[in-house]
Amino acid sequence: QVQLVESGGGLVQAGGSLRLSCSASGRAFSTYIMGWFRQAPGKEREFVAAINRISSNTEYADSMKGRFTISRDNDKITVYLQMNSLKIEDTAVYYCAASKFSGLQIESKTYHYWGQGTQVTVSS
């Protein structure tokens, strides 16, 4: 089992940047596919990005491509989400998640462990 704690959220102006971190505890972090999801008020949770075990492959939702970058440091048992050129519509609670399945996962139902989330608010 793995416990996940997100940090780095906050208030930022449109066009700005934030870097989210997700620190893990527990065994075998390097064996999990890691992902980021977000949920805006009144909307369903949506996929943001995912990264495989050895950082050789990543996947992004179309609206995040070119603006967001997911990375991980298995030695530090941490996964990151660098968010640039933020838009008001990026406002949401951001969650990191870990999946025991192989291959990049883009559906929330395929993730087994979740953090509590960190709020990102983008203002005009």
Side-chain angles (χ1 to χ4, degrees):
Q1 189 169 356
V2 63
Q3 292 79 44
L4 304 171
V5 179
E6 302 94 337
S7 61
L11 176 64
V12 63
Q13 286 190 324
S17 299
L18 279 176
R19 187 194 195 202
L20 305 183
S21 299
C22 174
S23 298
S25 61
R27 295 183 175 183
F29 171 79
S30 63
T31 68
Y32 294 106
I33 301 295
M34 297 301 297
W36 286 95
F37 290 77
R38 70 185 187 185
Q39 188 166 17
K43 295 187 177 181
E44 293 187 352
R45 190 170 297 188
E46 65 172 340
F47 170 75
V48 173
I51 188 167
N52 69 351
R53 297 177 178 91
I54 59 172
S55 303
S56 62
N57 198 11
T58 56
E59 183 72 39
Y60 297 91
D62 287 343
S63 61
M64 288 74 165
K65 288 180 180 177
R67 299 191 300 125
F68 291 9
T69 303
I70 188 171
S71 61
R72 68 190 293 167
D73 187 331
N74 287 340
D75 290 335
K76 296 182 178 179
I77 52 173
T78 301
V79 62
Y80 305 96
L81 185 68
Q82 177 67 44
M83 305 185 295
N84 299 327
S85 303
L86 283 163
K87 305 175 181 179
I88 292 175
E89 52 264 40
D90 293 320
T91 295
V93 177
Y94 284 71
Y95 299 90
C96 73
S99 174
K100 295 187 285 186
F101 293 131
S102 61
L104 293 176
Q105 307 295 325
I106 65 172
E107 295 188 22
S108 60
K109 64 182 180 182
T110 63
Y111 283 80
H112 299 85
Y113 306 108
W114 292 84
Q116 294 300 307
T118 185
Q119 176 71 47
V120 172
T121 303
V122 184
S123 64
S124 59

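One-based numbering along the sequence shown.
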All pairs passing salt bridge (Lys or Arg N to Asp or Glu O under 4.0 Å) where residues 108-124 contributes a residue, at least two apart: E107-K109

Partners passing side-chain contact (heavy atoms from CB on, under 4.5 Å) against S55 (at least two apart in sequence or in another chain): I51, R72

Side-chain heavy-atom pair Q105, H112 within 4.5 angstrom cut-off: no

Non-neighbouring partners of V12 that pass side-chain contact (heavy atoms from CB on, under 4.5 Å), sequence neighbours left out: L18, L86, V122

Residues that, via side-chain heavy atoms closer than 4.5 angstrom, fall in one hydrophobic cluster with W114: I33, F37, F47, V93, Y95, L104, I106, Y111

Within-4.5 Å side-chain heavy-atom neighbours: K100 and T31: no

Minimum heavy-atom distance V2-A98, with the two atoms named: CG1-CB, 4.0 Å

Connected-component partners of Y80 among ILVMFWY, side-chain separation under 4.5 Å: none

Contacts of type side-chain contact (heavy atoms from CB on, under 4.5 Å), residue S7, not counting sequence neighbours: S21

Inter-residue atom distance M34.CE - I77.CD1, 0.5 Å rounding: 10.5 Å

Short side-chain to backbone donor-acceptor contact, E6 and L20, under 3.5 Å: no

Residues that, via side-chain heavy atoms closer than 4.5 angstrom, fall in one hydrophobic cluster with V5: none

Sequence neighbours excluded - side chain to side chain donor-acceptor pair (under 3.5 Å) pairs with any residue from residues 10-20: S17-N84

Main-chain N/O of F29 paired with N74 side-chain donor or acceptor, under 3.5 Å: no

Check: F68 and W36 side chains under 4.5 Å, non-hydrogen atoms: no

Sequence-distant partners of Y94, ring pair (Phe, Tyr, Trp, His ring centres under 6.0 Å), two or more places apart: none

Other residues, nucleotides, ligands: >12 heavy atoms within 6.0 Å of E89 CD: yes

Flag if over 12 foreign heavy atoms under 6.0 Å of CD, Q3: yes

Note, M83 side chain near V120 side chain (heavy atom, < 4.5 Å): yes

Shortest non-hydrogen contact between Q39 and A92, atoms and distance: O-CB, 3.4 Å

Hydrophobic cluster partners of I88 (side-chain heavy atoms under 4.5 Å): none

Contact list for residues 77-87, test salt bridge (Lys or Arg N to Asp or Glu O under 4.0 Å), sequence neighbours left out: none

Pairwise distance CD(Q1) to OG(S25) - rounded to 0.5 angstrom: 9.0 Å

Residues that S56 engages under side-chain hydrogen bond (donor to acceptor under 3.5 Å, both in side chains), provided they are two or more places apart: N52

